Number of protein chains: 2
Amino acid sequence: MGEDKSTYTDHVISLLVFNHPGVLSKITSLITRRGFNIDSIAAGPTKEKDMFRLTIMVKGDDRSIEQIQKQLYKIVDTFKIMTIHPARKVEREIGLIKVKAPMGERNEVLQMVNVFKGSILDSSTSGFVVEITGSSDKVDSFISLFPSNQIVEVARTGIVAMDRWEKQ
Amino acid sequence: MGEDKSTYTDHVISLLVFNHPGVLSKITSLITRRGFNIDSIAAGPTKEKDMFRLTIMVKGDDRSIEQIQKQLYKIVDTFKIMTIHPARKVEREIGLIKVKAPMGERNEVLQMVNVFKGSILDSSTSGFVVEITGSSDKVDSFISLFPSNQIVEVARTGIVAMDRWEKQ
């Protein structure tokens with residue numbers, strides 16, 4: 001996390017790491033010490049019981065990203081760094097959005113949820129909790145439909161990404 | 001991240017933090033230094049441009065979690081700590097699962113994706129990339145349907161959670 005530099009581009013770093021205490025803070029320290037912005041981070045279990053997979057979105061130039069990847073390998077808990085090819089990746093994120101929808105405005109909100117193929121996770125007389133799944137852009141677009149004071153809360157997972165299958 | 005202690009229970013810590021360099025590593029260091037296991041972490045943008053929302057799943061006893069929350073407030077970049085009520089929360093996670101599905105086994109895999117209301121994000125003659133959205137348990141269940149050697153890769157966001165609307 002840090003200031004935005006407009007010449008930088010988005011990169012996805014995907015890591016398999018051993019589930020040891022402190023590994024997450026070692027990795028995030030290394031990246032931020034180098035002056036990179038972490039745009040989002042998602043860390044969850046993987047099929048191996050003792051490992052985690054981290055997906056980190058950072059802004060930076062190509063050369064610096066390569067250097068970071070080399071240094072990440074020096075962290076003993078790093079098992080594997082996966083390169084995600086921008087042209088071949090699938091990426092997904094969830095946004096939970098708590099939006100006000102008093103009587104008279106409910107249909108309009110529900111229509112928008114439909115257009116975005118979202119789901120209603122909770123409904124009260126005051127409003128909804130909406131789930132939007134897709135690219136980060138899609139989640140951004142949904143949120144931007146509403147004036148800021150209509151949005152009560154937003155929680156986003158950050159993206160996870162994976163290469164498509166190699167075509168044969 | 002760390003060893004499992006079976007007497008501990010899952011807690012969701014949700015934080016609004018200012019988007020300053022190093023804030024993520026300060027927070028993860030604080031939690032892991034105290035000996036807590038981070039089960040998953042999800043960090044993404046929120047409706048305020050200069051803030052991030054972190055959702056952290058940790059295992060620990062209730063008293064220690066309270067202490068951690070107090071200490072998190074001492075990190076200057078922490079703006080707000082939201083208590084997520086276990087009984088009133090909505091939670092969601094995405095798992096991307098790259099699964100082998102050669103000819104002859106494809107229908108079986110597709111049926112499972114249907115049962116779990118998942119989506120096929122990519123398809124090749126070798127297999128699929130499947131998206132499963134729901135609780136962590138649901139993602140776990142889908143993965144456990146397949147023998148380990150049929151699963152090529154798993155990437156999960158970690159959960160995001162939010163309180164439902166107060167009923168009036």
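These values consider heavy atoms only, across backbone and side chains, with no hydrogens, waters or symmetry-generated copies. In what follows, chains carry the letters A, B, and so on, assigned in the order in which the sequence lines appear, proteins first and then strands, with residues in each chain numbered from 1. Owing to the predicted nature of the structure, the values given are computational and were not obtained by experimental measurement.
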Between Gly95(B), Gly127(B), Gly44(B), Ser119(B), the one whose heavy-atom pairs under 4.5 Å with chain A are most numerous: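 Answer, by heavy-atom pair count under 4.5 Å with chain A: Gly127(B).
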
Leading residue by heavy atom contact count with chain A [cutoff under 4.5 Å; candidates Thr28(B), Thr55(B), Asp122(B)]: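 Greatest number of close heavy-atom pairs with chain A: Asp122(B).
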
Neighbours of chain B found in residues 149-162 of chain A - heavy atoms under 4.5 Å: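 Only Ile151(A), Val152(A), Glu153(A), Val154(A), Ala155(A), Arg156(A), Thr157(A), Gly158(A), Val160(A), Ala161(A), Met162(A) of residues 149-162 of chain A have a heavy atom under 4.5 Å from chain B.
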
Pair up each side-chain donor or acceptor in residues 102-111 of chain A with any protein partner under 3.5 Å, not counting sequence neighbours, and list the distances.
unit_1: Arg106(A); atom_1: NH1; unit_2: Ala101(A); atom_2: O; d: 2.8
unit_1: Arg106(A); atom_1: NH1; unit_2: Ser124(A); atom_2: O; d: 3.0
unit_1: Arg106(A); atom_1: NH1; unit_2: Thr125(A); atom_2: O; d: 3.4
unit_1: Arg106(A); atom_1: NH2; unit_2: Ser123(A); atom_2: OG; d: 3.3
unit_1: Arg106(A); atom_1: NH2; unit_2: Ser124(A); atom_2: O; d: 3.0

Identify which of [options] forms the greatest number of heavy-atom pairs closer than 4.5 Å to chain B.
options	value
Leu30(A), Val99(A), Leu16(A)	Val99(A)
Ile27(A), Ile31(A), Thr46(A)	Thr46(A)
Ser136(A), Ser29(A), Ser144(A)	Ser29(A)

What part of [X] gets within 4.5 angstrom of chain A, counting heavy atoms only: side chain, backbone, both, or neither?
X	value
Lys100(B)	both
Asp140(B)	neither
Thr133(B)	side chain
Met57(B)	neither

Shortest non-hydrogen contact between Leu96(B) and Val90(A), atoms and distance: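 Heavy-atom minimum between the residues: CD1-O, 4.1 Å.
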
For the student: nearest non-hydrogen atoms of Arg164(A) and Leu121(B), plus distance: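 Heavy atoms only, the tightest pair is NH1-O, 3.5 Å.
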
Honestly curious: do [X] and [Y] fall in one hydrophobic cluster under the side-chain, below-4.5 Å linking rule?
X	Y	value
Val17(B)	Val58(A)	yes
Ile132(B)	Ile132(A)	no
Ile97(B)	Ile94(A)	no
Ile143(B)	Val129(B)	no
Ile84(A)	Met51(A)	no

Set of ring pair (Phe, Tyr, Trp, His ring centres under 6.0 Å) partners for Phe116(A), sequence neighbours left out: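 Ring pair (Phe, Tyr, Trp, His ring centres under 6.0 Å) check on Phe116(A) returns Phe142(A).
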
Residues forming a ring pair (Phe, Tyr, Trp, His ring centres under 6.0 Å) with Tyr73(B), sequence neighbours excluded: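 Result, ring pair (Phe, Tyr, Trp, His ring centres under 6.0 Å) vs Tyr73(B): none returned.
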
Phe79(A), CZ atom: more than 12 neighbouring heavy atoms under 6.0 Å: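 No, the 6.0 Å shell around CZ holds no more than 12 heavy atoms from other groups.
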
Contacting moiety of Asp50(A), where chain B heavy atoms sit under 4.5 Å: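 Nothing of Asp50(A), per the 4.5 Å heavy-atom cut-off to chain B.
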
